[in-house]
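Read through the structure below, which is laid out as structure tokens, and then see the notes.
Naming convention: chains lettered A, B, ... in sequence-line order (proteins, then strands); numbering from 1 in each chain.
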Protein chains: 2
Amino acid sequence: MLPNPYDHIPSSALRPISGAVGDTVFHQGDPTHGLYVVQTGRVHLERVDPDGERFIIHRAQAGTSFAEASVFSEVYHCDAVIVEAGALIRIDKASVLAAFADPAFARAYGRQAAQQIQAQRQMLEIVGIRRAEDRVMAGLIAGLLEGSIVEFAARLQLSHEAIYRALRKFVQDGRVMNPSRGIYHLHP
Amino acid sequence: MLPNPYDHIPSSALRPISGAVGDTVFHQGDPTHGLYVVQTGRVHLERVDPDGERFIIHRAQAGTSFAEASVFSEVYHCDAVIVEAGALIRIDKASVLAAFADPAFARAYGRQAAQQIQAQRQMLEIVGIRRAEDRVMAGLIAGLLEGSIVEFAARLQLSHEAIYRALRKFVQDGRVMNPSRGIYHLHP
DNA sequence: ATCGTAATATGATTTCAATCATATGTTGCC
DNA sequence: GGCAACATATGATTGAAATCATATTACGAT
């Protein structure tokens, strides 16, 4: 996220929003306003099915944006619900569209989008690997083991126990080094 | 993909490529050339780990593009291998970057990217659902059951047997209609 | 028409990851 | 220093989905 595309948008177009847990930033079917950048807190995008059952489309973390697609469409079929209090910035739809006339914004946006797409593709391939061991190895190769094993497990959508077992196996097989408790990395 | 961003690129910048199964379009670490559009056939993007084991980062289908991120970086850490013979188009890196000066291209690219990101996010949430029944229901709600059950199963990363069982359950519970063999849809 | 292939559909069995249980190590805090 | 909360780590059990097996049906090619 080095060259943040939103640096190229005039600050007059940025609308700060603060919200409490449970607040709905926008509703499914609302005429859309623009895109949102999460500065702090967490937001879930949820879709409500005909039976009233709701399921989560996306979990937006601090430092990420959401509802980008709404800039290009009349309606957006999600509720955005604040699940951890924080601060958001809303950028007007028209302002985003106007910003595309600035090649610097356009390229920054394109770069960010392309990287995100690539990262997501990789995640889809990785979580599609059935065997826990293979998935963990793919995660290691992809450099996803940053931070704790618990976070790594969440990223890979495996239980942390499954991660420990796979790592132990790799260490026994000499494929992974475990220089100290909680530290694992691939043999060079 | 209605307004295809690549319609805005001068045809002089489009380089047709044809390849046979097993051909490598580009190698990991090659200086990058641009992005590729798959017209027919299929291409895999693979990464080779230190042990020589290769794992698939992405499967590019006909009608999709790949290596978009390479436009913004010096190197791209994948091999692109043709797994089904077909025709590709390569668009020069410089041509893509230049095209961002055209607001029509920039917006079309932004729209396409935003939609793709949204779709991928949704897929990540869906394949993250553990229970087969819940995953199938989420897939139905998301409108992913287009075409055959086998394709649906592949999209959801479940065995087709698991799909049939879940669908049968839903039909028994009256949540899904099965007007004829192979046809399933949600009750309104 | 019929042959072959693939999709649809279910039942039986196996596998493997989740879950449960438990212990130790680590970190921050009053 | 001692306690609480959490991460690390493994073993035992369970459960759910994959796999295997087997029909039936659809569809195109010859």
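A/Ala114 is linked by a side-chain contact (heavy atoms from CB on, under 4.5 Å) to B/Glu68, B/Ala69, B/Phe72, B/Tyr109, counting only residues two or more places apart in sequence or in another chain. Take A/His58 and apply the side-chain hydrogen bond (donor to acceptor under 3.5 Å, both in side chains) test, not counting sequence neighbours, and it matches B/Arg121. Residues passing the side-chain hydrogen bond (donor to acceptor under 3.5 Å, both in side chains) test with B/Gln61, sequence neighbours excluded: none. Here B/Ala67 pairs with B/Phe26, B/Tyr36, B/Ser70, B/Tyr76 under the side-chain contact (heavy atoms from CB on, under 4.5 Å) rule; sequence neighbours left out. In terms of the side-chain hydrogen bond (donor to acceptor under 3.5 Å, both in side chains) criterion, A/Arg130 has no residue partners (sequence neighbours excluded). Looking at residues two or more places apart in sequence or on another chain, you find a side-chain contact (heavy atoms from CB on, under 4.5 Å) between B/Val75 and B/His77. The side-chain hydrogen bond (donor to acceptor under 3.5 Å, both in side chains) search around B/Gln39 returns none, not counting sequence neighbours.
As a whole-Å value, the separation of B/Leu158 CG from D/dA18 C1' is 10 Å. If you take CZ of B/Arg181 and P of D/dC27, they are 9 Å apart, rounded to a whole angstrom. For the pair B/Ile163 CD1 and D/dA16 P, the interatomic distance rounds to 17 Å; values are reported in whole Å. Following rounding to the nearest Å, B/His160 (NE2) and D/dA17 (C1') show an atom-to-atom distance of 13 Å. The CD1 atom of B/Ile149 sits 15 Å away from the P atom of D/dA26 (whole-angstrom rounding). If you take CG of A/Asn178 and C1' of D/dA9, they are 10 Å apart, rounded to a whole angstrom.
Using a 4.0 Å cutoff to heavy atoms of chain A, the contacted part of DNA chain C runs 5' to 3' from C/dA17 to C/dT26.
Helix-axis bend for the helix from C/dA1-D/dT30 to C/dC30-D/dG1: the local axis fitted to the five terminal pairs at one end deviates from that at the other end by 40°, rounded to 10°.
Residue pairs meeting the salt bridge (charged side-chain N to carboxylate O under 4.0 Å, His left out) criterion with at least one member in residues 74-103 of chain B, sequence neighbours excluded, are B/Arg42-B/Glu84, B/Arg54-B/Asp79, B/Glu74-B/Lys93, B/Arg90-B/Asp92. The salt bridge (charged side-chain N to carboxylate O under 4.0 Å, His left out) contacts involving residues 22-40 of chain A comprise nothing, where partners must be two or more places apart or lie in separate chains.
Within the 4.0 Å cut-off from OP1 or OP2 of D/dA7, not a single side-chain nitrogen or oxygen of A/Tyr184 is found. Contact annotation: A/Arg130 side-chain N/O to D/dA18 OP1/OP2 distance is under 4.0 Å.
Contact check of residues 164-174 of chain A against DNA chain D (heavy atom, cut-off under 4.0 Å) returns A/Tyr164, A/Arg165, A/Arg168.
Atoms CG and NE2, on A/Leu140 and A/His187 in that order, are 12.5 Å from each other to the nearest 0.5 Å.
A/Arg135 places a side-chain N or O within 3.5 Å of a backbone atom of A/Gln157 that can act as its donor or acceptor partner.
With DNA chain C read from its 5' end, the first of the two nearest nucleotides for A/Glu161 and A/Glu133 is the one closest to A/Glu133.
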